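Report on one structure; see the data block that follows.
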Amino acid sequence: MPKPYESVSRNDNIPALKIENGPHPKRSRYVRKEGSCNVVFRHVPEEWLLFVTDIFTTLVEIRWRVMFLIFALSYILSWLFFGILYWIIALAHGDMQKHTDDACVYKVHSFTAAFLFSLETQTTIGYGFRGMSENCMIAIIIVTVQDVISCFIDTFVIGIVVAKMASARKRAQTVGFSNCAVINLRDGYLCLSWRVGDFRRNHLVEGTARAQIVNSTVHATGKLDVTYEDLVIQQKDIVLVTPTTICHRIEPGSPLYKMSLVDLRKSDFELVVSFTYTDDTTGMLHQTRTSYTPAEILWGQLFQEMIRASRRHYRVDYMLFNHTAKVLVPEVSAETYEHKKQLRPPSRHSPRHSPRSSPRPSPKSPRQNHNENFLKPPTLMVEHVNDSNPEPTVSTSQAGNQNQCTLPLPDVFTTADM
């Protein structure tokens, strides 16, 4: 007996479906697999002014190496700026030529000494050799201003580093989607589903799943139209304690309702899915996104079970997070599948024959007889013959008088539909 399904993985060499129109050119993704948008803005009016106006968000979004370079330059340039001021004050007061006790800043007789005094003042090192005197009020004012600016720089740097480390993007990397989406049968309906899971031990407070079909159309004039179609998700509000399979039922009103396997391979859309949630540790709102192309939507596949129950706890095996198994699914569209289900004759349970009464056949119209003959599955006639007697030749008219057993085929689609 053949197995109903077998274990496969994304790395298996599965032959692709041949399309008569030939391969389509690969289109750039609207949303990348890691969740970032593949969009580049050009000729933004007053772009630098917008970045400088919201300098805090700009520094949080830039890369770490650029941020470290900016912070290092902010400290070095502030030391250098105030060092030049102390050197100018020493030149104006005459501390470079004479070494007396009435100098503005003690032990500052060169530019190097002025720079070291600025560094020691701002970092509160205080080696004990250089210090401020009471002879120059302007030098005292500059030292006070430098201390205040130093506090602002320290606060700004610490705030940016903490905000960058606690960024929602870092938390979003620990919540992931499956590498592919699948289409299979659920409760008699074709359904599109994908998997989402949290790789951390702490649970999320609440989350909402969402999915959209993104279509981009390029006109002959070069105009690009981008349209969005929402997908209705069954149970979109999720508490992500264990990995969950998010399901969209392909029913009337769905963009995929009239799409078969061949149409899916020929189509050029993008399925963008997202999961918005609140972290119970920080209370911050996060969002994880990804996208699936038609080549990443596997028809006739089913996600393998990865949750096992033991006596003490539930075990989740993330090795099976992206593994799928093949199942029998008709390759027709959901519309055709629903139409064929309506044309099937309802299953009839024949009552037990009683010697007292026998069922009386009901009259049927010629149209009902025609549909019944058209949809009636083929049967297999089995004849019981005794071993002692030779095998008789039974005509068609005599076949109904002998013991026979009718074995109907399963009530599924024909081989051509599967």
Side-chain angles (χ1 to χ4, degrees), residues 1-12 14 33-35 168 170-211 231-251 271 273-292 296-330 334 410-412:
M1 180 178 179
K3 295 181 179 179
Y5 59 86
E6 58 182 352
S7 175
V8 296
S9 63
R10 291 281 298 166
N11 299 327
D12 292 346
I14 302 176
K33 291 296 289 184
E34 70 274 8
K170 301 301 179 182
R171 182 64 179 93
Q173 293 178 0
T174 60
V175 177
F177 291 93
S178 57
N179 294 333
C180 62
V182 297
I183 293 180
N184 49 46
L185 287 174
R186 282 195 175 191
D187 300 329
Y189 294 92
L190 282 174
C191 295
L192 170 68
S193 57
W194 58 94
R195 190 173 260 174
V196 60
D198 186 10
F199 306 131
R200 285 185 176 270
R201 295 182 181 274
N202 57 324
H203 306 318
L204 305 177
V205 175
E206 59 181 356
T208 303
R210 188 180 180 184
L231 298 183
V232 179
I233 297 177
Q234 312 292 328
Q235 297 180 352
K236 63 179 182 178
D237 297 327
I238 302 170
V239 178
L240 199 60
V241 178
T242 58
T244 305
T245 300
I246 303 174
C247 179
H248 162 68
R249 180 179 293 178
I250 306 177
E251 53 188 2
L271 174 63
V273 298
S274 64
F275 185 66
T276 306
Y277 52 93
T278 303
D279 189 7
D280 62 347
T281 303
T282 61
M284 297 178 61
L285 189 67
H286 308 269
Q287 186 183 68
T288 304
R289 298 181 299 269
T290 190
S291 65
Y292 300 105
E296 296 171 342
I297 300 177
L298 306 181
W299 194 290
Q301 301 281 335
L302 179 69
F303 284 114
Q304 290 190 356
E305 293 295 334
M306 54 184 299
I307 304 176
R308 297 291 183 269
S310 61
R311 294 183 178 179
R312 300 180 58 184
H313 49 258
Y314 293 90
R315 294 179 299 175
V316 179
D317 186 6
Y318 270 100
M319 291 292 293
L320 303 175
F321 186 73
N322 295 311
H323 285 202
T324 60
K326 294 180 181 180
V327 292
L328 296 178
V329 176
D411 190 12
V412 294

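Keep in mind it's a predicted model, so treat the numbers as computed, not measured.
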For Leu185 and Pro330, work out which heavy atoms get closest and say how close. CD1-CD, 4.0 Å

The reported gap from CE in Met306 to OG1 in Thr242 (rounded to nearest 0.5 angstrom) is 8.5 Å

Qualifying residues under salt bridge (Lys or Arg N to Asp or Glu O under 4.0 Å), relative to Lys236, sequence neighbours excluded: none

When you compare the side chain of Thr208 with that of Tyr277, does any pair of heavy atoms fall below 4.5 Å? no

Set of residues satisfying side chain to side chain donor-acceptor pair (under 3.5 Å) with respect to Glu34, sequence neighbours excluded: Ser36

Nearest heavy-atom approach of Val175 to Phe275 is CG1-CD2, 4.3 Å

Provide the closest heavy-atom pair for Asn184 versus Gln301 in the form atom of the first, atom of the second, distance. ND2-O, 2.8 Å

Could you work out, with side chain to side chain donor-acceptor pair (under 3.5 Å) as the rule, every residue matching Ser274, not counting sequence neighbours? none

Excluding sequence neighbours, so at least two apart, what forms side-chain contact (heavy atoms from CB on, under 4.5 Å) with Arg312? none

Would you compute the distance between atom NE2 of His248 and atom SG of Cys191 and round it to the nearest 0.5 angstrom? 8.5 Å

Quick one: does Phe321's side chain get under 4.5 Å of Asn179's, heavy atoms only? no

Heavy-atom pair of closest approach, residues Ile238 and Gln235: CG1-O, 3.6 Å

Does any non-hydrogen side-chain atom of Leu271 lie less than 4.5 Å from one of Leu231? yes

Can you see which heavy atom on Lys33 is nearest to which on Ser291, and at what distance? NZ-O, 3.2 Å

Partners passing side-chain contact (heavy atoms from CB on, under 4.5 Å) against Ala181 (at least two apart in sequence or in another chain): Leu192, Trp194, Tyr292, Ile297

Test Leu302 against every option in Thr324, Val327, Ile183, Val182 by the side-chain contact (heavy atoms from CB on, under 4.5 Å) rule and name the one that passes. Val327

Between CD of Gln304 and NE2 of His323, what distance do you get to the nearest 0.5 Å? 7.0 Å

Indicate yes or no: at least one non-hydrogen side-chain atom of Val316 is less than 4.5 angstrom from one of Tyr314. no

Non-neighbouring partners of Thr245 that pass side-chain contact (heavy atoms from CB on, under 4.5 Å), sequence neighbours left out: Arg186, Ser193, Arg195, Phe303

Which atom of Leu298 lies closest to which atom of Cys180, heavy atoms considered: CD1-SG, 3.7 Å

Quick one: list whatever passes ring-ring contact (aromatic ring centres under 6.0 Å, His included) with Tyr189, sequence neighbours left out. none

Report the residues that fulfil salt bridge (Lys or Arg N to Asp or Glu O under 4.0 Å) with Arg210, sequence neighbours left out, ordered by chain and then residue number. Asp230

